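Worksheet: one structure, shown below.
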Amino acid sequence: MTRWTTAALLAALALTGLTACSDDDSPSSVASKVASAASRAGDAVASATAEAGRRFDDIKNGVDAQDDVRLGTPATASDGRTTVAVTAANSADSAKAFAVQVDFTNGSGKLLDAVVVTVRDVPAGGSGKGTARSTHALSGDVRAKVSRAVRY
């Protein structure tokens with residue numbers, strides 16, 4: 001098993017509250033519980049991605065602004081969730097808002113979570129800041145990238 005697979009299985013176990021095996025748990029029963037937990041973790045990522053898509057679908061007359069957004073270095077908060085600073089630079093001639101989808105991935109690029117951050121009231125020629133926060137605790141080598149960004 002790779003280090004990432006082991007970490008993912010341990011995270012899936014932690015998410016479902018499985019902490020140990022009793023004498024009554026057969027290897028196939030434990031494997032089934034782990035597979036179920038992994039499936040729920042995959043469902044959570046799919047749900048977060050779908051919600052991000054809905055948020056962008058609601059924006060009318062937006063302009064691609066992916067090149068105007070920068071992310072800081074991801075950090076783990078005390079609750080295990082990953083946070084990252086988001087900075088949006090407004091090159092328009094009036095105040096604008098930005099919707100930014102931040103994807104949290106592992107070192108191999110596998111999607112762990114996706115969130116949308118809105119940075120409001122960014123002045124013309126100025127910049128605004130926000131914080132992206134994962135929807136659940138993430139572990140391991142977590143990275144963040146701007147998947148898409150719209151200025152509106």
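Quantities reported herein were computed from a predicted structural model and do not represent experimental measurements.
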Please report, to 0.1 Å, the donor-acceptor pairs under 3.5 Å made by any side chain of residues 66-77, with sequence neighbours excluded.
{"unit_1": "Gln66", "atom_1": "NE2", "unit_2": "Val146", "atom_2": "O", "d": "3.0"}
{"unit_1": "Arg70", "atom_1": "NH1", "unit_2": "Asp67", "atom_2": "O", "d": "3.3"}
{"unit_1": "Arg70", "atom_1": "NH2", "unit_2": "Asp67", "atom_2": "O", "d": "3.3"}

**Item:** Partners passing side-chain hydrogen bond (donor to acceptor under 3.5 Å, both in side chains) against Arg143 (at least two apart in sequence or in another chain)
**Value:** Asp141
**Request:** Evaluate the side-chain proximity of Asp79 to Arg133: yes if any heavy-atom separation is below 4.5 Å, no if none is.
**Result:** yes
**Message:** How close do Val116 and Ala99 get, counting heavy atoms only, and between which atoms?
**Reply:** CG1-CB, 4.4 Å
**Asked** side-chain hydrogen bond (donor to acceptor under 3.5 Å, both in side chains) with Ser147: which residues, sequence neighbours excluded?
**Response** Asp103
**Message:** So, taking the atom named NE2 in His136 and the one named CG in Leu138, what distance separates them when rounded to the nearest 0.5 Å?
**Reply:** 4.5 Å
**Asked** Does the side chain of Val86 come within less than 4.5 Å of Val102's, by heavy atoms?
**Response** yes
**Message:** With a 4.5 Å cut-off on side-chain heavy atoms, are Thr135 and Val115 touching?
**Reply:** yes
**Request:** Take Val84 and Thr131 through the test side chain to side chain contact (heavy atoms under 4.5 Å, CB included) and record every step on the way to the result.
**Result:** CA-CA 6 Å; Val84 65; Thr131 302; over 6 Å; no
**Asked** Would you find a donor on one side and an acceptor on the other, under 3.5 Å apart, between the side chain of Ser127 and the backbone of Ala89?
**Response** no
**Request:** Indicate yes or no: at least one non-hydrogen side-chain atom of Val63 is less than 4.5 angstrom from one of Tyr152.
**Result:** no
**Message:** One pair to check against side chain to side chain contact (heavy atoms under 4.5 Å, CB included): Leu111 and Phe104. What are the steps and the verdict?
**Reply:** CA-CA 6 Å; Leu111 183 64; Phe104 293 102; 6.0 Å; no
**Complete:** Between Ser94 and Ala124 the two heavy atoms that sit nearest each other are N-CB, 3.5 Å
**Item:** Pair listing, side-chain hydrogen bond (donor to acceptor under 3.5 Å, both in side chains) test, anchored in residues 114-125, at least two apart
**Value:** Arg55-Thr118
**Asked** Who are the side-chain contact (heavy atoms from CB on, under 4.5 Å) partners of Ala92, not counting sequence neighbours?
**Response** Asn90, Lys96, Arg151
**Asked** Looking at residues at least two apart in the chain, or sitting in another chain, which of them share a salt bridge (charged side-chain N to carboxylate O under 4.0 Å, His left out) with Arg148?
**Response** none
**Message:** Could you measure the distance from the NZ atom of Lys145 to the OG1 atom of Thr105? Nearest 0.5 Å is fine.
**Reply:** 6.5 Å
